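Working notes, structure below.
Keep in mind that what you see is a predicted model, and the values were worked out from it rather than measured. Reminder, nothing fancy here: chain letters follow the sequence lines and each chain counts from 1.
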Amino acid sequence: MSDQKREKIILIDGHSILNRAFYGLPLLSDSEGLHTNAVLGFLNIMFRVLDEEKAQYLAVAFDLHAPTFRHKMYDAYKGTRSPMPGELREQVPVMKDVLRAMNVPLMSLEGFEADDLIGTVSLAMEQKGLDVRIISGDRDLLQLASDTTMVRIPKTKKEGREVENYYAEDVKAKYLVTPSEFVDVKALMGDASDNIPGIPGVGEKTATKIIAEFHSIQNAYDHLDEIKPNKARLSLQDHWEMAQLSYRLALIDRHAPFALPLEQARLGEDNSSLYTKEAMDLLKRLELRQMVRRFADHMQTGPSALPARQAESSANPFEEQRADTDDTEPSGQISLPEESRHDGMDGFREQVYPSGEGSRTADEKSESSKKADEGAKNFRLIEDAAEAEAFLERAVKEEKIGLYVLEEDSRLLGAAVAAGAETVLLLPVTRKQLAILSSGSCLISGINLKEQLSFLDGGDSFPKEQQSRYFDCAIGAYLLNPLAGTYVYDGISSVYTGRLVETREELLGKKSLLNLAGLAEENLALMMSGSAGEKRTAKKQDGPADRESARQALTRFSCLNARTALAAMQPIRDSLEKEDMLRLFTDIEMPLMFTLYHMQQEGILVRGDELRRFGHSLSGRIDELEKAIWEQAGQQFNINSPKQLGTVLFEDMKLPGGKKTKTGYSTSADVLENLAQDVPIVRLILEYRQLTKLKSTYADGLVQYIAEDGRIHGRFNQTVTATGRISSTDPNLQNIPVRTELGAQLRKVFVPKDGSIFVDADYSQIELRVLASASDDQNLIDAYNSAEDIHAITASKVFHVPLDEVTPQLRRNAKAVNFGIVYGISSFGLSQGLSITAAEAQSYINQYFETYPGIKSFLDGCIQSAKTRGYSVTMFGRRRPVPELKEKNFMRRKFGERVAMNAPIQGTAADIIKIAMVGVDRRLREEGLKSRLVLQVHDELLVETEISEKDQVETILREEMEGAARLRVRLEIDMKSGESWFEAH
DNA sequence: CCAGTCACG
DNA sequence: ACGTACGTGACTGGT
């Protein structure tokens with residue numbers, strides 16, 4: 001750090017990056033059929049790194065002979081090298097030409113691989129005092145990492161690009177061995193794709209363990225008798241020569257007879273030496289327009305034309321409102337009523353946005369490689385109760401802490417706390433001890449807090465004054481990128497703190513936390529005393545050493561959770577603020593977390609006996625149907641197998657039906673229904689399907705979830721959907737049947753407890769109302785304000801018939817069009833839904849847009865805005881990235897357009913009901929009622945209501961739901977009460 | 001572990 | 001010239 005003027009060199013592993021680029025991008029070719037995708041990908045990666053690193057030197061290494069090409073995933077499977085595909089092979093010389101034209105030195109040497117040259121040059125550069133960046137897709141190069149040499153591995157992920165960055169300590173953090181030891185590990189475990197044999201019976205885990213302990217193969221061999229897994233010891237003994245050979249193969253030669261003439265590698269000021277006319281011409285010939293544009297920018301306007309990502313984020317429709325509404329005060333209040341309802345709407349109304357790249361991109365997130373977590377050395381375990389309490393007492397006096405409650409199956413095992421520079425795991429810990437935290441006033445940051453709250457609940461169920469003390473990084477990360485999929489500590493750590501850490505699986509494997517916590521004996525004792533049945537021997541008692549390492553891993557895992565939560569809080573908050581989602585987070589999502597927690601705790605009462613009876617009643621009919629189907633088919637087969645069913649119907653019975661899916665015949669309900677309504681077997685199959693579904697998923701399926709208290713405590717997930725909706729799992733309570741007779745019967749087993757009834761309220765066409773309001777289409781708004789039957793009015797206007805002459809058929813069609821609009825209209829989709837031709841569907845759509853012109857321009861605006869910004873936005877600022885809009889593939893781009901139309905509508909509706917839920921939950925509690933919110937089904941809320949509180953509950957539901965947002969049309973609800981969910985809905 | 005199917009909004 | 005409606009989760013069979 002003292003040397004401000006350290007220079008930096010970037011060394012690229014040419015074939016490896018070209019390979020990555022090739023498989024990371026769809027095939028692409030110029031008009032003469034020459035493929036160019038790998039060249040483009042390579043240049044993209046190279047320029048991204050150059051922009052980030054601001055280096056002074058650049059060189060690229062290639063193997064001299066590349067007769068085969070490694071494709072590791074494939075090779076790992078096949079055990080050999082696969083030949084390089086022609087489409088890639090032809091790009092190698094092109095790539096070299098492009099690089100030459102850019103004055104980039106190409107390094108290669110007879111008898112040496114690119115690895116060796118990079119190893120040699122990087123060593124020489126280190127010794128010269130240069131910082132080194134090695135860019136490769138190959139993990140073997142991690143052995144070259146040091147304090148000044150960073151190995152960067154670009155990864156191609158579903159969403160965007162990421163780079164894994166490794167200094168020596170990052171290698172250590174992630175792989176538990178030093179870079180030089182990494183060679184030994186690799187030698188022991190082998191690598192089929194590199195033809196490194198390794199030692200039989202030794203995989204990654206054992207290899208790591210041995211080297212972590214003995215530091216080298218040689219030393220391990222010298223201490224053979226100390227090697228723990230018996231199998232590994234014998235194997236190493238038997239295959240000593242193989243081990244040595246493997247080591248030589250795995251080791252990169254850092255002393256090849258090669259020297260890079262450094263001046264040839266020098267990049268001009270701001271990389272200007274790269275932007276030559278020759279290169280530009282070549283890129284034009286290759287028709288790589290994106291690159292040509294980049295070159296043009298640089299050659300004309302000079303280096304300052306670099307994309308300035310930071311500047312773009314100010315292109316934000318909320319900018320104006322922020323001045324008066326964004327007071328950053330984490331008021332635990334849901335203060336949406338006046339100001340922000342207003343500002344939300346204005347933001348939504350705006351349809352044409354200034355251009356900008358949009359949300360933070362993958363490389364922005366991952367560009368930085370910070371030091372391997374310095375806190376790691378401070379991770380420790382406290383087992384003593386008094387010491388644990390003392391620690392908690394200290395921690396709670398901090399301004400903020402990171403917390404991770406270690407639990408499994410609703411059992412409290414321990415808790416990790418990050419406070420100041422310290423992070424400890426308290427194991428075991430009691431609820432009473434944890435109460436020290438909840439009674440304090442420090443900020444508590446966690447990851448996935450909802451699942452940990454039950455252990456922090458001091459008995460007051462988190463009143464809203466308390467709620468603002470909590471910060472959930474997972475929820476914040478979800479808002480920032482709802483497509484990420486998972487929000488666990490390792491991902492959050494790398495994205496928001498720049499620290500790469502081991503994953504849960506790497507630390508703990510697949511073992512249960514309970515066993516790792518070493519509480520297994522207790523547990524076993526309980527089980528034995530509880531059930532006097534078979535004698536179970538303790539599951540292979542772990543030796544003390546194993547047990548010790550298990551505890552260490554558990555400590556590290558728990559502490560990483562807590563430390564990441566603490567470290568990521570501010571970056572996440574900053575990002576949320578920057579992206580104008582802080583209020584969404586503070587006023588809607590965080591309060592909602594508590595509401596969902598309450599709902600999960602509450603559960604819903606189910607009549608288990610009735611449910612079982614229902615299941616049995618289905619069995620009889622299912623058996624009958626099965627027999628009848630087999631009889632008609634003339635053979636016995638598994639009706640549940642689409643494959644077998646397809647064969648029977650379309651081959652054996654020769655029913656007309658084309659292939660529809662990739663794997664064979666489609667036997668889905670719509671195919672079957674169209675196919676042959678008059679063929680008896682089809683009706684039987686459809687009924688069979690319905691009944692087996694009902695039985696396996698709903699009757700038998702739900703019974704499994706009934707808890708001791710007779711209730712089902714499902715989970716409501718807050719970080720799953722792309723649009724902002726809540727999802728429901730274990731079990732899914734948002735798809736309980738309702739549309740059929742039997743479905744209705746099923747809903748009768750969901751009942752209120754004694755002395756209560758259900759009050760059920762659902763929004764009337766919330767999405768269409770959102771659309772009316774957002775589009776500001778006067779005709780649709782008038783339609784809503786004047787009358788009740790929106791579909792009939794639409795039919796009347798669209799089909800030009802008087803309102804009282806609208807037939808049910810016409811109304812149905814209009815309703816389908818309304819749905820189609822919300823889904824992101826397409827003539828083909830609509831034609832499917834209505835079983836009409838695409839042309840007819842198109843004319844419906846045209847007439848619809850003529851009737852409601854504001855909708856057309858709104859939807860176009862949605863697409864346009866999502867295209868320029870990269871994401872769509874809801875009324876309350878929630879974002880959904882729509883990367884599909886940039887794709888070349890027509891179909892996927894069209895999909896992107898439908899998403900861009902649907903997401904703001906579905907998402908705004910989701911925002912609104914979330915606001916309502918928080919309001920309902922809070923008022924039920926604050927007004928001292930016993931009634932509780934128990935379910936949410938997207939536009940519906942179900943409250944288990946004390947009979948005496950019915951009127952009050954109905955008032956609350958109506959006020960909170962209808963008042964959740966102020967739209968240009970009324971938000972109406974339908975409300976009913978009853979003795980079961982069926983009756984109330 | 002994925003594809004197909006079907007339950008809901 | 002492309003061949004789908006938007007968003008979910010659970011269960012089954014088959015690789």
Can you tell which of [options] lies closest to the side chain of [X]?
X: A:S641; options: B:dG9, C:dG14, B:dT5; result: C:dG14
X: A:N732; options: C:dA10, C:dG14, C:dG7; result: C:dA10
X: A:I825; options: C:dA10, C:dA5, C:dG13; result: C:dA5
X: A:V720; options: B:dG9, C:dT8, B:dA7; result: C:dT8
X: A:A722; options: C:dC6, C:dG7, C:dT4; result: C:dG7
X: A:Q906; options: C:dT4, C:dG13, C:dG7; result: C:dG7
X: A:T721; options: C:dG3, B:dG9, C:dG7; result: C:dG7

[X] [atom1] to [N] [atom2], straight-line distance once rounded to whole Å:
X: A:I736; N: C:dC11; atom1: CD1; atom2: P; result: 11 Å
X: A:D730; N: C:dG9; atom1: CG; atom2: P; result: 10 Å
X: A:E767; N: C:dA5; atom1: CD; atom2: P; result: 17 Å
X: A:D700; N: C:dT12; atom1: CG; atom2: C1'; result: 14 Å
X: A:Y688; N: C:dG13; atom1: OH; atom2: P; result: 8 Å
X: A:I639; N: C:dC11; atom1: CD1; atom2: P; result: 20 Å
X: A:K695; N: C:dT12; atom1: NZ; atom2: P; result: 10 Å
X: A:Y823; N: C:dC6; atom1: OH; atom2: C1'; result: 6 Å

At under 4.0 Å, does any side-chain N or O of [X] touch on OP1 or OP2 of [N]?
X: A:K693; N: C:dT12; answer: no
X: A:N638; N: C:dG13; answer: yes
X: A:R880; N: C:dG7; answer: yes
X: A:R739; N: B:dG9; answer: yes
X: A:T723; N: C:dG7; answer: no
X: A:Q690; N: B:dA7; answer: no

A:R893, CZ atom: more than 12 neighbouring heavy atoms under 6.0 Å: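 Counting neighbours around CZ of A:R893, more than 12 heavy atoms of other residues, nucleotides or ligands fall under 6.0 Å, so yes.
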Atom CZ of A:R958 with >12 non-hydrogen neighbours under 6.0 angstrom: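 Counting neighbours around CZ of A:R958, more than 12 heavy atoms of other residues, nucleotides or ligands fall under 6.0 Å, so yes.
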Parallel, tilted or perpendicular: rings of A:Y665 and A:F650 (30°, 60°):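 Because their plane-to-plane angle lies in the 30° to 60° range, the rings of A:F650 and A:Y665 count as tilted.
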Duplex segments of DNA chain C, taken as runs of at least three Watson-Crick or G-U pairs that stay under 3.5 Å: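 Stems (3+ consecutive pairs) listed as B:1-9 with C:6-14.
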NA contact type, [X], heavy-atom cut-off 4.0 Å: base, sugar-phosphate, or nothing?
X: A:A816; value: base
X: A:D762; value: nothing
X: A:N735; value: base
X: A:V822; value: nothing
X: A:G824; value: nothing
X: A:Q644; value: sugar-phosphate
X: A:K894; value: nothing
X: A:L830; value: base
X: A:A903; value: nothing

Under 3.5 Å: donor-acceptor pair, side chain of A:R880, backbone of A:P482: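 A pair under 3.5 Å: no.
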A:D762 side-chain N/O to A:E940 backbone N/O, donor-acceptor pair under 3.5 Å: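 Not a single qualifying donor-acceptor pair exists.
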B:dG4 to C:dA5 separation - P atoms, rounded to the nearest Å: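 Taking atom P in both B:dG4 and C:dA5, they lie 13 Å apart.
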Pairwise C1' distance for C:dA1 and B:dC6, with rounding to whole Å: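 My reading of the C1' atoms in C:dA1 and B:dC6 gives 32 Å.
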hbond_proxy A:R898 side chain to C:dT4 base (donor-acceptor, 3.5 Å cutoff):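 Per atom types, the contact qualifies.
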Residues A:Q842 and A:N846: side-chain donor-acceptor under 3.5 angstrom: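 On atom types as modelled, these side chains qualify, holding a pair under 3.5 Å.
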Any donor-acceptor N or O pair under 3.5 Å, side chains A:Q906, A:E767: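 Side chains of A:Q906 and A:E767: no pair found under 3.5 Å.
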Check: A:Y844 ring centre within less than 6.0 Å of A:Y848 ring centre: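 Here the rings of A:Y848 and A:Y844 have centres that are no less than 6.0 Å from each other.
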Aromatic centroids of A:F982 and A:F750 separated by under 6.0 Å: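 Ring centres of A:F982 and A:F750 not closer than 6.0 Å.
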Salt-bridge present (A:E589, A:R878; N to O < 4.0 Å):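 The answer is yes: the pair qualifies as a salt bridge.
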side-chain contact (heavy atoms from CB on, under 4.5 Å) evaluation trace for A:R621 with A:E626: CA-CA 9 Å; A:R621 179 68 184 146; A:E626 186 185 55; over 6 Å; no
Heavy-atom closest pair, residues A:G896 and A:V882: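 A:G896 and A:V882 have their closest heavy atoms at O-CG1, 3.4 Å.
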Interface residues of residues 660-673 of chain A with DNA chain B (non-hydrogen, below 4.0 angstrom):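 Correct list: A:T661, A:K662, A:T663, A:S666, A:T667, A:S668, A:A669.
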